[in-house]
Amino acid sequence: MLPVHFYTRPDVVQVAKDLLGKYLVTSFDGQLTAGKIVETEAYRAPDDRACHAFGNRRTARTEVMFQEGGRAYVYLCYGIHHLFNVVTGPEDMAHAVLVRAVQPIDNVDIMLERRSLSRLERKLTAGPGALSQALGISTGHSGLSLLDPTSNIWIEDRGEVVIEENIVASPRVGVGFAGACAVWPWRFRIAGSSWTSPAR
DNA sequence: AAGAGGATGAACT
DNA sequence: GTTCATCCTCTTG
């Protein structure tokens with residue numbers, strides 16, 4: 001389990017890069033599933049228009065983003081998809097990292113069943129809605145601590161190092177509404193990974 | 001109280 | 001490449 005100071009650093013862009021190669025793990029009803037994080041995006045209030053907490057506006061939904069780093073922020077997108085984010089930064093800095101894709105690692109059969117798929121293919125966990133479904137994460141888990149030993153969701157360092165040269169940066173996906181912020185290169189992928197989401 | 005729109009994915013052509 | 005499912009959240013009145 002990653003220590004609290006990994007999450008509370010003030011530079012959310014750096015945390016988004018550092019999450020590449022870490023392992024996102026869930027354990028619900030004794031069913032443990034895990035995937036290696038291969039794609040992330042950074043979101044940063046108050047100056048980032050694409051961030052739900054743009055302008056440091058607090059709502060019931062975004063309140064968790066203002067808490068100290070190390071919690072899950074999960075919200076519903078397009079009425080269907082549950083998108084998993086990691087809250088970062090100290091308290092009152094509404095920063096978060098969206099996990100956009102993982103490589104399936106542990107108990108792939110359980111993930112396949114949750115996604116109603118019969119064989120291992122990229123769409124099992126490529127895309128933020130897809131990986132949340134594969135790992136069993138939903139909006140009901142928003143606000144959960146990733147540091148509490150009794151938590152059902154946490155992130156592990158399994159000793160893998162992704163060097164800067166192997167990180168591909170590009171503009172974030174689906175944020176065309178965000179004006180000038182839309183071109184900020186805050187989407188990060190592990191170079192050469194075949195498990196990242198399709199570019200748009 | 002009502003309406004608009006979204007950090008997507010799947011199934012089409 | 002295009003369409004559309006589907007519902008919560010936020011804005012406006």
Side-chain angles (χ1 to χ4, degrees), chain A residues 7 12-13 15-17 19-20 24 35 37-67 69 71-89 93-104 111-144 146 153 155 168-190 194-200:
Chain A
Y7 299 105
V12 63
V13 172
V15 178
K17 293 191 209 174
L19 279 169
L20 294 175
L24 177 58
I37 298 171
V38 296
E39 177 173 350
T40 60
E41 282 178 1
Y43 287 87
R44 185 182 72 188
D47 56 322
D48 174 11
R49 278 194 177 276
C51 179
H52 290 158
F54 171 65
N56 279 342
R57 208 168 42 82
R58 287 173 181 262
T59 68
R61 181 177 63 158
T62 61
E63 190 61 33
V64 62
M65 293 182 75
F66 289 87
Q67 296 192 40
R71 288 179 187 275
Y73 168 50
V74 189
Y75 76 96
L76 188 67
C77 187
Y78 295 107
I80 307 169
H81 307 291
H82 300 256
L83 271 57
F84 172 81
N85 300 252
V86 180
V87 176
T88 75
M93 289 184 82
H95 298 177
V97 176
L98 171 68
V99 179
R100 289 194 52 89
V102 303
Q103 176 177 348
M111 297 192 222
L112 287 169
E113 189 177 331
R114 286 176 179 147
R115 296 272 295 133
S116 301
L117 294 171
S118 52
R119 48 177 250 273
L120 184 55
E121 52 192 316
R122 191 177 65 153
K123 69 177 182 182
L124 176 62
T125 53
L131 77 89
S132 294
Q133 186 177 33
L135 293 173
I137 297 171
S138 68
T139 54
H141 302 119
S142 196
L144 262 188
L146 307 176
I153 308 176
I155 300 176
V168 180
S170 59
R172 294 171 292 179
V173 178
V175 297
F177 63 89
C181 311
V183 301
W184 293 354
W186 285 4
R187 177 195 191 194
F188 303 105
R189 283 170 288 165
I190 296 181
S194 53
W195 295 99
T196 58
S197 71
R200 299 204 177 208

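Sequence lines set the chain letters: A, B, ... in the order given, protein chains first and strands last, and positions in each chain run from 1. Here the structure is a predicted model, which is why all the values come from computation and not from measurement.
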Candidate nucleotides C/dC8, B/dA10, B/dA7, ranked by approach to the side chain of A/Leu83 - the nearest: B/dA7
Minimum-distance pair of heavy atoms, taken over all atoms of A/Cys51 and A/Ala45: SG-N, 3.7 Å
Residues forming a side-chain hydrogen bond (donor to acceptor under 3.5 Å, both in side chains) with A/Glu41, sequence neighbours excluded: A/Tyr43
Side chain to side chain contact (heavy atoms under 4.5 Å, CB included) partners for A/Pro104, two or more places apart: A/Val108, A/Met111, A/Leu120, A/Leu124, A/Thr125, A/Trp195
Qualifying side chain to side chain donor-acceptor pair (under 3.5 Å) pairs, either residue in residues 130-141 of chain A, two or more places apart: A/Arg115-A/Gln133
Any pair counted as salt bridge (charged side-chain N to carboxylate O under 4.0 Å, His left out), so long as it reaches residues 116-135 of chain A, sequence neighbours left out: none
Pairs touching residues 44-65 of chain A that satisfy salt bridge (charged side-chain N to carboxylate O under 4.0 Å, His left out), sequence neighbours left out: A/Arg44-A/Asp47, A/Asp48-A/Arg172, A/Arg58-A/Glu63, A/Arg58-A/Asp92
Distance in angstrom units between A/Ile137 CD1 and B/dA7 C1', rounded: 16 Å
Between the protein and nucleotides 4-6 of chain C, which nitrogen or oxygen pairs are less than 3.5 angstrom apart?
unit_1	atom_1	unit_2	atom_2	d
C/dT6	O2	A/Tyr78	O	2.6

Secondary structure of DNA chain C in dot-bracket form (Watson-Crick or G-U wobble, distances below 3.5 Å, | marking inter-strand pairs): |||||.||||||.
Between B/dG6 (C1') and A/Arg172 (CZ): distance, integer Å: 15 Å
Sugar-phosphate, base or nothing in reach of A/Leu98, heavy atoms under 4.0 Å: base
Member of A/Val38, A/Thr196, A/Thr40, A/Val168 meeting the side-chain contact (heavy atoms from CB on, under 4.5 Å) criterion with A/Ile190: A/Val38
Set of residues satisfying side chain to side chain contact (heavy atoms under 4.5 Å, CB included) with respect to A/Ile80, sequence neighbours excluded: none
side-chain hydrogen bond (donor to acceptor under 3.5 Å, both in side chains) involving A/Ser142 - partner list, sequence neighbours excluded: none
A/Leu144/A/Arg71 under side chain to side chain contact (heavy atoms under 4.5 Å, CB included): CA gap, chis, key distance, verdict: CA-CA 6 Å; A/Leu144 262 188; A/Arg71 288 179 187 275; over 6 Å; no
Test side-chain hydrogen bond (donor to acceptor under 3.5 Å, both in side chains) applied to A/Tyr73 - qualifying residues, sequence neighbours left out: A/His52
Any A/Arg100 side-chain nitrogen or oxygen under 4.0 Å from OP1 or OP2 of B/dT8: yes
Spacing of CZ belonging to A/Arg189 relative to CG belonging to A/Leu20, to within rounding of 0.5 Å: 10.5 Å
Atom pair distance, as rounded to whole Å: CZ in A/Phe177 and C1' in B/dA4: 14 Å
Euclidean distance, atom CZ of residue A/Arg44 to atom C1' of B/dA7 [Å, nearest integer]: 16 Å
Interatomic distance, A/Arg187 CZ vs B/dT8 P [rounded to whole Å]: 10 Å
Separation of atom CH2 in A/Trp184 from atom C1' in B/dA7, rounded to whole Å: 15 Å
Distance in angstrom units between A/His82 NE2 and B/dA7 P, rounded: 15 Å
Rounded distance (Å) that lies between atom P of B/dG6 and atom OH of A/Tyr43: 13 Å
Strand-adjacent residues in residues 45-62 of chain A, judged by heavy atoms under 4.0 Å from DNA chain B: A/Ala50, A/His52
Least distance between heavy atoms, A/Ala53 atom then A/Ala94 atom: CB-CB, 3.6 Å
Atom of A/Ser118, atom of A/Leu112 and distance for their closest heavy-atom approach: O-CD1, 4.4 Å
Nucleic acid contacts of residues 117-133 of chain A, taken as heavy-atom distances under 4.0 Å to DNA chain B: A/Gly127, A/Pro128, A/Gly129, A/Ala130
